[in-house]
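Structure record follows, encoded as structure tokens.
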Amino acid sequence: MTAKVLTITSGKGGVGKTTTVANLAVAFASKNQKVVCIDGDIGLRNLDVILGLENRIVYDIVDIVEGRCRTRQAMIRDKRFPDLFLIPAAQTRDKNAVSPSDMVRLCNELREEFDWIIIDSPAGIERGFKNSIAPADIVAIVTNPEMSAVRDADRVIGIIEAEEKKPPYLIINRIKPSMVDKGNMLSVDDIYELLRIEVIGVIPEDENVLIASNKGVPLAIDAKTRSGMAFRNIARRFVGEEVPFLELKETNFWNKLNIFGQKD
Amino acid sequence: MRDNPYFLIKGLKEGILVNIISHEFKLSRDALFTHIGSNRSFFNGAKMLLDVGDIPLKAADLGKLRDDLADEQITLAVIISSNEISMRSGELLGLSVNPTDEKKKQVGKINKPDSPLWMGKTVRSGTRIDHMGNVIVIGDINPGAEVIATGNIVVWGRIKGFVHAGKSGDTTAFICALELKPTQLRIADLVAVSPEKQDLYLPEMIRIINGQLVAEAWNEK
């Protein structure tokens, strides 16, 4: 087994990186892939909370890097999926506790055992971001349909190109079809126009995401919601399946009736 | 000026040629900055031509070097290399790359406006291209990117970022693009911003006519 290292980053904060990492992780795990998540946000860790594993942390990534524990000891096994692990960030240290070459070394050590290593990058373009993209084979950029997030994504794409990485993929999060229709929100096409990188997923705005995050149960565990489905589809695309994009608009009974009406 | 295993320095009419000999770029770099630190008067305000041989230099590293040199009041203008990564990095940063087929004697000639900088892809936010001469971009100039030239700027794509042609005061310089909606545009010392939203953008050329910036549709003549 040789794992692929997937780094999720964004430039701007609060666009849904950590949520995406958690949901992709459970989506991969439910496809029987062996997954380890690494929280790259040292000092402001969140991934453990969203995965619901906060109270199991004994060692963290800084302990590994500074030799206070073996890598195995810092890996927390998920409650639901035996093949899903988390390496948490340290909360009491800062980004400088780990270097890009430490990250490369750690990932190389983990590669043999896993299918996917998913790194949750912090916001910004400084040390923590550099640490997170250093070992990446694949980079995915999360953005929201708002101008400032798209600008920051563009900046990050430029940096990733300069690092001689493959072109990153784009995940558009929190899109509201009704607002797009009224011309009050950037559409997927608008965003693609500016960034010109492959869109690998579009997640509709959904309050269930927040509810699930607060409970520590990522939504993609089941395919009951549209957003959960959208996250699962991203995972399927990453493993090479051809998955059509979800219709963003909900088609309810009355809409369908309307379509029939128009045909006649 | 030598006796170190890391680099050679030669003063040319066009600037200071630094030849990196060691393959340990980090060490060479540190040694170079120590040298600069103890010879400030020699380097102050100088233009640097950097020959890195076949060492692969990532754009991030080269960009850092350029910024650090700028802090020492040194302008990194030219990169000479046989390594493809280093050449690409140079291009990405808007430096003149291998300006004279490695005939270093002629290095000064790169500053003639007839050696344009070729940028074969979209210039993204955070990238700054500053070139002595003309600049040709095949792709967009995104918001947050800056393209500055002493000559003209020609873009086969959309200008949405910052562009400045004729920066040393050349009032005959022009800017043309398939779609012109820059955050700000300058020619010589005149400044303009895009008009409010238009529905339709046509290929346009902007230049100075009677002391004013004027945009003309490309199909006019």
Side-chain angles (χ1 to χ4, degrees), chain A residues 7 9-12 15 99-101 103-104 121 123-136 139 141 143-170 183-184 186-187 189-198, chain B residues 26 55-67 79 81 83-95 97 119-129 137-147 155-162 178-179 181-184 194 197 199 201:
Chain A
T7 296
T9 187
S10 70
K12 191 172 181 297
V15 295
S99 74
S101 48
M103 291 296 281
V104 172
S121 156
I125 50 173
E126 293 82 20
R127 181 65 176 267
F129 162 78
K130 295 259 159 74
N131 285 345
S132 301
I133 61 164
V139 179
I141 293 173
T143 192
N144 288 163
E146 55 172 287
M147 219 50 228
S148 52
V150 175
R151 293 281 165 88
D152 290 0
D154 188 49
R155 174 86 170 100
V156 168
I157 297 166
I159 296 171
I160 290 161
E161 281 175 354
E163 295 277 340
E164 319 291 329
K165 302 262 178 204
K166 279 197 300 179
Y169 293 98
L170 189 66
N184 292 332
L186 293 171
S187 70
D189 287 343
D190 292 336
I191 297 168
Y192 178 75
E193 269 290 279
L194 188 81
L195 300 179
R196 301 269 171 188
I197 55 171
E198 189 181 337
Chain B
K26 265 216 170 115
I55 303 172
L57 263 192
K58 285 185 183 173
D61 297 332
L62 191 61
K64 174 119 191 354
L65 179 69
R66 184 187 58 180
D67 294 347
I79 177 147
S81 177
N83 182 288
E84 235 174 79
I85 293 177
S86 299
M87 281 156 61
R88 203 150 10 111
S89 303
E91 274 169 28
L92 214 65
L93 291 168
L95 304 175
V97 180
M119 180 72 186
K121 59 180 192 168
T122 291
V123 189
R124 295 188 184 271
S125 174
T127 310
R128 179 187 166 98
I129 292 179
V137 178
I138 305 294
D140 297 343
I141 298 175
N142 279 353
E146 297 178 7
V147 176
V155 181
W156 186 262
R158 288 168 294 195
I159 298 183
K160 288 177 280 186
F162 173 93
L178 298 185
E179 264 186 49
K181 35 182 167 175
T183 34
Q184 203 189 90
S194 294
K197 271 196 180 152
D199 290 334
Y201 290 91

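Chain naming here is simple, since letters A, B, ... match the order of the sequence lines and numbering starts at 1 in each.
The candidate with the highest count of non-hydrogen atom pairs below 4.5 Å against chain B, out of A:V150, A:D154, A:V156, is A:D154.
A salt bridge links A:E193 with B:R158: the closest approach of a Lys/Arg side-chain nitrogen to an acidic carboxylate oxygen falls below 4.0 angstrom.
Residues A:L194 and B:R124 share a closest heavy-atom pair of O-NH1, 4.4 Å.
Atom CZ of B:R88 sits about 10.5 Å away from atom CD of A:E161, to the nearest 0.5 Å.
Under the side chain to side chain donor-acceptor pair (under 3.5 Å) criterion, B:T122 pairs with no residue, sequence neighbours left out.
Considering only heavy atoms from C-beta on, A:R151 stays 4.5 Å or farther from B:S125 through its side chain.
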What donor-acceptor contacts under 3.5 angstrom involve side-chain atoms of residues 55-65 of chain B, with partners at least two apart or in another chain?
| unit_1 | atom_1 | unit_2 | atom_2 | d |
| --- | --- | --- | --- | --- |
| B:K64 | NZ | B:D68 | OD2 | 2.9 |

